[in-house]
K.L.:
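Once you've had a glance at the structure underneath, I'll fire off some questions.
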Amino acid sequence: MAIIIDGKAEAALAIDAVKASHATFEAESGIKAGLAVVIVGDDPASHAYVGAKGRMAKECGFHSVQHTLPRETSQLDLLRLIEALNADPVIHGILVQLPLPDHLDAEPVIQSIRPEKDVDGLHVMNAGDLATGLISCTPAGAMLLVSRIHGRDLSGLNAVVVGRSNLFGKPMAQLLLDANATVTMAHSRTLDLPAVCRRADILVAAVGRAELIKADWVKPGATVIDVGINRIAAPERGEGRTRIIGDVDFSGCKEIAGAITPVPGGVGPMTISMLMNNTLAAAKMSAARPLQQHWFPLSSPFG
Ligand SMILES: NC(=O)c1ccc[n+]([C@@H]2O[C@H](COP(=O)([O-])OP(=O)(O)OC[C@H]3O[C@@H](n4cnc5c(N)ncnc54)[C@H](OP(=O)(O)O)[C@@H]3O)[C@@H](O)[C@H]2O)c1
């Protein structure tokens, strides 16, 4: 039976570290980290995510603002808001909640955020420079969970990342590589995916296919990190009800793996704590403080 990696507990530790470090930073510099979250339209799930981010920013002691724009907002008006936030000295982090409504083109909006304020880590300058840039929050969170099991140096370990998105798969593979793992990226064109997965000491699934990864795809003792979020019908909870499951067949794989993240309660909670960490890192950068290796936030609780 595998160790069940408790993402909620790890996220709470990371948040405690951010709060403590921010309190010291604010006391020394007189600067409060500032996070602006921009949301366009009225998608309920996006509003729930944005609300949680704002609440967490306040809990960390940050200056937190939310810009809620109507669905019909034009590309130009959105870009103007980003320009204003880029120029605002009390805002250190800008996050545009995705997805945007269909008539808006997300890529130029993301690229218009100043890289040093891009706390989602999606700007090409951050994606291309994981050593000193702001690291995309979900890969950073997943990597922190990997480090809890294996430490920071993954020398000699085989890692397989299933999924090659710019948002998650590619930066995750880069982080694993930077930590000295031998990394394979698998995707929809990979031949014999089960055999590729069975070679993994660290298996990361970010596909968006419910329970794709089966127990007999997992090497005994491997660490399995499930990034997938798939909403399925849950008639047992009542008519029309749904629940979230991952890309990994959790009940089967936990009998084979050495450690495994559940869904929900694994990688998901880490994302928001990494966003807070990035916002603090951005504020420290703006105050011309040396930037720390910020996907291991403030190493004490993780050391
Ligand atoms: N906060 C969080 O916890 C968080 C954050 C981000 C994403 N997620 C979740 O993670 C999952 C992946 O997200 P994403 O944005 O990376 O997705 P994405 O952009 O849709 O990418 C999916 C990847 O999976 C690959 N794939 C699809 N079907 C496959 C199959 N049958 N076998 C092997 N590979 C297959 C695709 O391959 P091709 O490239 O060949 O098409 C693609 O590379 C989603 O469930 C998403 O909701 C969670």
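Start at 1 and go down the list; that is how both ligands and their atoms are numbered.
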K.L.:
Verify the cluster assignment for I229 and L275: are they in a single hydrophobic cluster under the rule of side-chain heavy atoms below 4.5 Å apart?
P.N.:
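Different clusters: I229 never reaches L275 through Ile, Leu, Val, Met, Phe, Trp or Tyr contacts under 4.5 Å.
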K.L.:
Between V119 and V96, is there a shared hydrophobic cluster once you connect ILVMFWY residues whose side-chain heavy atoms come closer than 4.5 Å?
P.N.:
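As far as the 4.5 Å side-chain criterion goes, V96 and V119 are not connected within one cluster.
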K.L.:
What distance separates I202 CD1 from I225 CD1, expressed to the nearest 0.5 Å?
P.N.:
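If I round to the nearest 0.5 Å, the distance is 8.0 Å.
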K.L.:
Specify the closest pair of heavy atoms between H150 and T223, including all atoms of both residues, with the distance to one decimal.
P.N.:
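Nearest pair, atom of H150 first, then T223: NE2-OG1, 2.7 Å.
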K.L.:
Does any N or O atom in R189 lie less than 3.5 angstrom from one in ligand 1, N or O only?
P.N.:
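N/O-N/O distance below 3.5 Å does not exist for this pair.
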K.L.:
For atom 1 (N) of ligand 1, which candidate among V207, T261, T271 holds the nearest heavy atom?
P.N.:
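Looking at heavy atoms only, the winner is T271.
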K.L.:
For atom 44 (C) of ligand 1, what is the closest protein heavy atom, and at what distance to 0.1 Å?
P.N.:
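Answer, as residue, atom name and distance: G208 CA, 3.8 Å.
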K.L.:
How does I229 reach ligand 1, if at all, at less than 4.0 Å between non-hydrogen atoms: by side chain, backbone, both, or neither?
P.N.:
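Both backbone and side chain.
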K.L.:
Quick check on side chain to side chain contact (heavy atoms under 4.5 Å, CB included): which of V248, V224, I260 does K254 satisfy it with?
P.N.:
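Exactly one option meets the side chain to side chain contact (heavy atoms under 4.5 Å, CB included) with K254, and it is I260.
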K.L.:
How far is atom 42 (C) of ligand 1 from the closest protein heavy atom, and which atom is that?
P.N.:
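So the nearest neighbour among protein heavy atoms is R164 N, 4.0 Å.
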K.L.:
I'd like to know if atom 13 (O) of ligand 1 has any protein heavy atom within a distance of less than 4.0 Å.
P.N.:
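Under 4.0 Å from atom 13 (O) of ligand 1, zero protein heavy atoms found.
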K.L.:
Does T190 come within less than 4.0 angstrom of ligand 1, counting non-hydrogen atoms of the residue?
P.N.:
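No.
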K.L.:
Quick one: nearest non-hydrogen protein atom to atom 32 (N) of ligand 1, plus distance?
P.N.:
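Nearest protein contact, heavy atoms only, for atom 32 (N) of ligand 1 is L193 CD2, 3.7 Å.
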K.L.:
Is it the case that over 12 heavy atoms from other parts of the model lie below 6.0 angstrom from the NZ atom of K8?
P.N.:
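No, the 6.0 Å shell around NZ holds no more than 12 heavy atoms from other groups.
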K.L.:
Tell me, which protein residue and heavy-atom name are nearest atom 4 (C) of ligand 1, and how many Å apart are they?
P.N.:
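Answer, as residue, atom name and distance: T138 CG2, 3.8 Å.
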K.L.:
Run down the list S165, A142, G141, S188 and name the one with the heavy atom closest to atom 21 (O) of ligand 1.
P.N.:
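Nearest option to atom 21 (O) of ligand 1, by heavy atoms: S165.
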K.L.:
What protein heavy atom lies closest to atom 31 (N) of ligand 1? Include the residue and the distance to one decimal.
P.N.:
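Looking at atom 31 (N) of ligand 1, the protein heavy atom closest to it is L212 CD1, 4.1 Å.
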K.L.:
Would one find more than 12 heavy atoms of other residues, nucleotides or ligands at under 6.0 Å from atom CG of D102?
P.N.:
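Atom CG in D102 is not packed in, count stays at 12 or less.
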K.L.:
In this structure, does ligand 1 have an atom that sits under 4.0 Å from one of the heavy atoms of G169?
P.N.:
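Heavy atoms of G169 never come under 4.0 Å of ligand 1.
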K.L.:
I'd like to know whether CG of L191 has more than 12 heavy-atom contacts from other residues, nucleotides or ligands below 6.0 angstrom.
P.N.:
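Count not over threshold, so no.
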K.L.:
What residue and atom, counting heavy atoms only, is the protein's closest point to atom 15 (O) of ligand 1, and at what distance?
P.N.:
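Of every protein heavy atom, L167 CD2, 3.8 Å lies nearest to atom 15 (O) of ligand 1.
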K.L.:
Say whether A186 and ligand 1 are in contact under the criterion: heavy-atom distance to a ligand atom below 4.0 Å.
P.N.:
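No, that is not the case, since the closest heavy atom of the residue is not under 4.0 Å from the ligand.
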K.L.:
Who's closest to atom 9 (C) of ligand 1 heavy-atom-wise, of I245, V227, N166, V162?
P.N.:
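When every heavy atom of I245, V227, N166, V162 is considered, V227 comes closest to atom 9 (C) of ligand 1.
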K.L.:
Check D42 with R71, please: is the shortest side-chain N to carboxylate O separation under 4.0 Å?
P.N.:
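No, no charged N to carboxylate O under 4.0 Å.
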K.L.:
Around atom 23 (C) of ligand 1, find the nearest protein heavy atom and jot down its residue, atom name and distance.
P.N.:
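For atom 23 (C) of ligand 1, the nearest protein heavy atom comes out as G163 CA, 3.6 Å.
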K.L.:
Please check this pair: side chain of R243 against backbone of I232, looking for a donor-acceptor N/O pair closer than 3.5 Å.
P.N.:
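Checking the backbone N and O of I232 against the side chain of R243, no donor-acceptor pair under 3.5 Å is found.
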